Amino acid sequence: MAKVAINLSTGALQQEEVIVGIDLGTTNSLVAYIHPEDRTPIAINDQGQGTIVPSVVHFTQTGETIVGTAAKDYLTTDPANTIYSVKRLLGKSYNDLGGHQDYFGYKVIDDNSEGLVKVRVQDKFYSPIELSAEILKELRERAEHALKTPVNRAVITVPAYFNDSQRQATRDAGKLAGLEVLRIVNEPTAAALAYGIGLDPEEEKTVAVYDLGGGTFDISILSIHQGIFEVLSTNGDTYLGGDDFDRAIINHWIQNNELIADTVNQDKHLSQELRLKAEEAKKTLSSQQVYAGTIDGKIDCHLERHTFETLIAPIVARTIESCRMAMADAKLQPEQIAAVIMVGGSTRVPMVYEAVSTFFGKQANNSLNPDEVVALGAAIQADILAGNRKDILLLDVTPLTLGIETMGGLMDSIIPRNSKVPTKAGRQYTTSIDGQVNMKISVYQGERDLVKENRKLAEFDLKGIPAMPAGFPKVDVNFILNADGILKVEAIELRSGTRQEVEVKPQYGLTDAQVEQMLLDSITHAREDVSTRMVIEARTTAEQMIYQVERFVEKNREHLTPDEIALTTANVQRLKEVLGTGDKDTILKAVDILEEQTSPFAERIMQISIKQAMAGKKIE
Ligand code: ADP
Ligand code: MG
């Protein structure tokens, strides 16, 4: 293997190769890089296909994947095998989707409502991580093809409101796509960087980033000081965007054209055509006053800009209301905002631009392409991390990830590598067994998914957890890494206040060569690590399910019929048998069967206990 140098301040391997910036969007994704000669960011347009790659993955009958514009064509003809908006599912459990389950045209698995969602396509289960990885692979291939060089490293953007688990999922997706993810950057931060804001460490200002995409809207207020971007507040609506403009146009046409109204419900082709025409009309009206189109050369569908504006006014007003709330949360007045940055394809609508500029009392920045601005900023961030911008001060960062061991021997990262120090992060855990009174906290350092491949830093027992059923105790584990590189790990059980802590120096006894080797190993093993992790997660889900079901049957035997008990036992047995297969799809399918069969039980028992409680109560 070739000798590679490592930049210890960034943790990046220094090879002569590009680092790309990726905007992994809900509707569209893009990849950008810094042109080596003129040093400007450019969105990659491979083979003249355009810079935008629709975030759509289609599975063919033979199980192959198609990503992008070609996949988009299957949205209407083969919805069950065509996955869109997967970003909405990243790092989420089914419960997190709250009421929006019907939004998806494909099958989102709803068992194990606490666990991460899965998508079922034909006979296979895919995690949103795997699906996002398909999009990232496509972007990576386009970049490699266009730049004629291997692309192994990237900076990927996420919305400012993404939580830990969503950020970790994005990292994992990158890993699975064969990318070393140098940093996860907030989309509004990237947009500001693209406009050159925050590049000068002396600069101190507050900016607003208004991002209206296809199906999501968010507003972020950022404070920038000493090269640090701090999110003061965010607001928005994850189910509001340009698609709503399209729908408003379609409804308008249906209401005003009897021919369309009469046929639209019977004619699938027409409704699809209407959708395409509505988007075309909307885009045309961003630069012209009138749109005059026909469907199949027969049905007239025209629209004037002022009519369109009447249709969308309530939607635009909602986004402005969000801006107002974000400003109130940040405790700022519009005059205190130095710049307003427009992001997302839908900000091309002139009415949107006017409304935002009016609200903030200044002309918003829209000189850069709003589709590309996030990817361009990500490319700039990548360039900074590569150490190519000598003028920019790099802050101290931790070279290796710090985390703890969770079920199945998995590494749960708490402070990701490349985080600036000092830093603080934490996560909540619970017990897996009834009456558990001790919890072992094992602290590790490293990039591998299995703790046994990482470096153990410390271990301690949190004792004295009050005996409660599994899942009830709440244990906060906090990592506090100070500027001297000392890590304090504390664990607190919230109900009892039981607390334990330990201090270690993660870099102690670790040579540069070892850090380098650990990083190299993690890159070589990235893919197998992610697949192993997924099998372990499936197995953990299964083991917990078995534990719960067996305990349930034991307790409620009297309320179940002998047939139900027999079937449950058989399904549990079947699940136990497949546990050892190491095939996540087989395991998850068996979990699904057991879940479906037993889910009506819980409700029945609840009914019985409510009845008993009522019967026992004396009504006066
Ligand atoms: P996301 O960030 O959610 O992936 P984008 O920022 O790519 O989404 O925005 C996609 C949306 O922008 C779509 O609804 C699309 O119709 C809309 N859009 C693109 N170009 C225009 C335009 N010229 N005028 C109005 N809307 C546009
Ligand atoms: Mg976007």
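In what follows, residues are counted from 1 in the order of the sequence shown. These values consider heavy atoms only, across backbone and side chains, with no hydrogens, waters or symmetry-generated copies. Counting starts at 1 for both ligands and their atoms, following the listed order. Fair warning: this is a prediction, and the values are worked out from it, not measured in the lab.
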Can you check whether Tyr210 and Phe217 have ring centres sitting under 6.0 Å from each other? yes
Atom indices of ligand 1 within 4.0 angstrom of Gly25 heavy atoms, with elements: 4 (O)
I need the nearest protein heavy-atom contact for atom 2 (O) of ligand 1: residue, atom name and distance, please. Gly213 CA, 4.2 Å
How far is atom 3 (O) of ligand 1 from the closest protein heavy atom, and which atom is that? Thr27 OG1, 2.9 Å
Could you check atom 9 (O) of ligand 1 against the protein and tell me its nearest heavy-atom contact, residue, atom and distance included? Gly345 N, 3.4 Å
Going by an N to O cut-off under 4.0 Å, is there a salt bridge joining Glu130 and Lys124? no
Please identify which atoms of ligand 1 are closer than 4.0 Å to at least one heavy atom of Gly344. 6 (O)
Do me a favour and list the nearest non-hydrogen protein atom to atom 7 (O) of ligand 1 with residue, atom name and distance? Asn28 ND2, 2.7 Å
Just need the protein heavy atom nearest to atom 13 (C) of ligand 1, so name the residue and atom and give the distance. Gly214 CA, 3.9 Å
Are the side chain of Arg153 and the backbone of Ala382 linked by a donor-acceptor contact shorter than 3.5 Å? no
Nearest non-hydrogen atom to atom 14 (O) of ligand 1 belongs to which of Lys283, Lys282, Arg348? Lys282
Ile22: which of Val374, Leu179, Val151 passes side chain to side chain contact (heavy atoms under 4.5 Å, CB included): Leu179
On the 0 to 90° scale, with breaks at 30° and 60°, tag the Phe245-Phe308 ring pair as parallel, tilted or perpendicular. perpendicular
Inspect the contact between Arg275 and Glu279 and indicate whether a charged nitrogen and a carboxylate oxygen are less than 4.0 angstrom apart. no
Salt bridge flag under 4.0 Å for residues Glu187 and Lys87: yes
With the threshold set at under 4.0 angstrom, would you say Gly241 reaches ligand 1 through any of its heavy atoms? no
Who's the nearest protein heavy-atom neighbour of atom 15 (C) of ligand 1, and how far? Glu279 OE2, 3.3 Å
Atom indices of ligand 1 within 4.0 angstrom of Gly242 heavy atoms, with elements: 14 (O)
Nearest protein heavy atom to atom 24 (N) of ligand 1, by residue and atom, and its distance? Ser286 OG, 2.7 Å
For ligand 1, which atoms have a heavy atom of Thr26 less than 4.0 angstrom away? 3 (O), 4 (O)
Under 6.0 Å from the six-membered ring centre of Tyr239 and within 45° of its axis: does the NZ or CZ of Arg88 meet both? yes
Which atoms of ligand 1 sit under 4.0 Å from any heavy atom of Val349? 25 (C)
Give a yes or no answer on whether the side chain of Thr216 reaches the backbone of Leu212 with a donor-acceptor pair at less than 3.5 Å. no
